[in-house]
*Asks:* 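Mind looking over this structure? Questions follow.
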Number of protein chains: 2
Amino acid sequence: MSDTDPKATRTGRPRSTAADAAILEATRASLVDLGWSKLTMSDVATRAGVAKTTLYRRWAGKNELVVDAVAVLFDELELPDRGSLAADVQGVVLQFAALLERPEARTALMAVVAESTRDDSLRHRIRSAIVDRQKRLVLLGRERAQARGELRYEDDASAAARNADLIFDVIAGAVVHRTLVSAEPVDAEWASGFTSLLLLGLAGAQAG
Amino acid sequence: MSDTDPKATRTGRPRSTAADAAILEATRASLVDLGWSKLTMSDVATRAGVAKTTLYRRWAGKNELVVDAVAVLFDELELPDRGSLAADVQGVVLQFAALLERPEARTALMAVVAESTRDDSLRHRIRSAIVDRQKRLVLLGRERAQARGELRYEDDASAAARNADLIFDVIAGAVVHRTLVSAEPVDAEWASGFTSLLLLGLAGAQAG
DNA sequence: GCAGTTACGCTACGGGTCGTAGCGTAAGGA
DNA sequence: TCCTTACGCTACGACCCGTAGCGTAACTGC
């Protein structure tokens with residue numbers, strides 16, 4: 001979560017875990033109220049009841065702080081087994097969409113991605129803190145579909161990985177683009193249309 | 001381009017169109033060198049050889065300026081007829097991807113979209129300046145496919161519009177996500193895999 | 001207990017950007 | 001020539017950044 005992880009027991013006063021929680025909570029609150037561009041470190045410190053220097057002792061700057069603050073939202077993602085691949089895909093889509101309805105996520109996600117185009121370490125942080133958490137759901141859905149016999153197990157491991165990457169980019173990309181660029185709601189109707197398009201494509205790929 | 005358009009002839013000294021061009025050019029150069037977050041109005045003004053006040057006379061702020069500066073890149077988008085829907089889709093994908101290779105576009109696009117989540121007027125500006133220019137290609141590709149008989153003409157106009165919106169979000173979203181979030185290249189191989197997935201989905205929708 | 005070590009709150013600071021006001025000058029139109 | 005608008009320039013208060021320095025708080029090992 002923070003930059004340094006206190007492996008084993010260290011000497012000296014330990015870092016306040018309560019401060020960690022308060023800071024991340026304050027960051028989300030500030031994102032809701034002010035949005036990414038007007039969020040300042042001073043404001044977060046004030047909201048958290050913490051000195052500004054304490055923030056800089058744990059995070060290099062606004063980018064890293066916001067990534068960690070938003071990352072916990074992606075821990076809530078779950079994918080109950082709905083019995084079919086179609087229902088599971090629709091579930092994933094609606095989960096992503098629900099997350100993007102939250103103003104903290106809306107304003108922060110694209111902003112940190114934009115920053116990451118010029119900052120490799122930030123990009124890796126986003127990947128492990130956010131993207132991988134999303135991707136879990138896609139991989140889980142595939143496993144279930146294979147167990148059900150809806151998708152076949154692939155022989156070539158690297159080809160399977162490429163395929164999963166493709167499907168993940170299609171699902172996540174479409175939902176994000178619909179929500180943030182087109183600024184149209186991802187409701188049940190859209191999710192249904194998207195799901196059938198994707199599944200027909202996958203079915204065709206299985207056949208061909 | 002600027003905020004006010006001089007409809008009809010106005011009295012007084014006209015705005016320098018050379019300054020317009022110099023400012024937008026300087027903005028793109030600054031995006032390349034500094035990136036979105038470190039780009040400042042003062043820097044752009046200096047690069048353009050223009051007073052800072054001149055920028056504020058034409059654009060409300062950094063957001064609007066960058067949108068206009070990047071928008072012209074999307075005018076270069078073209079879609080030569082490659083003879084089949086599959087080839088045309090692949091063409092669109094590679095066009096989008098090539099645009100996102102440019103550092104000005106990479107750093108600016110996601111940033112202004114992030115800003116637009118809290119600024120409706122900015123969102124509309126992005127739509128008309130950027131998104132609609134992309135969407136043209138998708139609509140053009142559909143028309144050609146219909147003329148070739150690869151896709152059937154749809155009766156319900158609103159359903160057709162929803163469908164085009166869906167396909168646009170899928171294509172643009174997938175390419176953007178692949179490029180900026182997954183940070184993997186959109187090469188011919190990926191484009192080919194994506195295209196076949198999409199087309200199989202469309203083919204299935206035509207049949208079902 | 002006592003020293004050693006690390007975290008915290010607080011204050012203060014130089015450096016930078018923002019967006020605007022005010023002024024004199026330049027470039028067109030009636 | 002008068003009127004109107006645009007331009008360059010300077011200066012300004014407000015704000016945020018990221019860091020340094022200090023005294024104090026909390027926890028560990030002896």
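A, B, ... follow the sequence lines: proteins, then strands. Residue 1 opens every chain. Model, not experiment: these values are computed from the prediction.
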*Asks:* Checking the side chain of B:K62 only, and the main-chain atoms of B:L39 only, is there a donor and an acceptor separated by less than 3.5 Å?
*Replies:*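 Checking the backbone N and O of B:L39 against the side chain of B:K62, a donor-acceptor pair under 3.5 Å is found.
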
*Asks:* What residue among A:D68, A:T27, A:T54 forms side-chain hydrogen bond (donor to acceptor under 3.5 Å, both in side chains) with A:W59?
*Replies:*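 Going through A:D68, A:T27, A:T54 one by one, the side-chain hydrogen bond (donor to acceptor under 3.5 Å, both in side chains) with A:W59 is satisfied by A:D68 alone.
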
*Asks:* Nearest 0.5 Å please: distance from the CD atom of A:E64 over to the CG atom of A:L122.
*Replies:*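 The CD atom of A:E64 sits 5.5 Å away from the CG atom of A:L122.
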
*Asks:* Could you check whether A:E150 and A:S84, counting side-chain N and O atoms only, form a donor-acceptor pair closer than 3.5 Å?
*Replies:*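 On atom types as modelled, these side chains do not qualify, holding no pair under 3.5 Å.
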
*Asks:* Grab the CG-C1' distance between A:L55 and D:dT19 for me, whole Å please.
*Replies:*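 Value for this atom pair: 14 Å.
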
*Asks:* Between the side chain of A:R82 and the main-chain N/O of A:D88, is any donor-acceptor distance below 3.5 Å?
*Replies:*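 Pair absent, no side-chain N/O of A:R82 close to backbone of A:D88.
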
*Asks:* Please report the closest heavy-atom contact between B:N63 and B:V112, naming both atoms and the distance.
*Replies:*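 Scanning both residues, the minimum pair turns out to be O-CG1, 4.3 Å.
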
*Asks:* Please write out each protein N/O paired with an N/O of nucleotides 4-6 of chain C under 3.5 Å, distance rounded to 0.1 Å.
*Replies:*
| from | atom 1 | to | atom 2 | distance (Å) |
| --- | --- | --- | --- | --- |
| C:dT6 | O2 | A:R13 | N | 3.1 |

*Asks:* Once you round it to whole Å, what is the distance between C1' of D:dC15 and CG of A:L34?
*Replies:*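 Those two atoms, CG and C1', are 14 Å apart.
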
*Asks:* Along nucleotides 11-23 of chain C, 5' to 3', which nucleotides get a B, which get an S, and which get a -, given that the test is a protein heavy-atom distance under 4.0 Å?
*Replies:* ------SBBBB--

*Asks:* How about CD on B:E76, more than 12 heavy atoms from neighbouring residues, nucleotides or ligands closer than 6.0 Å, or not?
*Replies:*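 It does: B:E76 CD has more than 12 such atoms within range.
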
*Asks:* Within the side chain of A:R178, is there an N or O that forms a donor-acceptor pair under 3.5 Å with the backbone of A:V186?
*Replies:*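 Side chain of A:R178 to backbone of A:V186, a donor-acceptor pair under 3.5 Å: no, none is there.
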
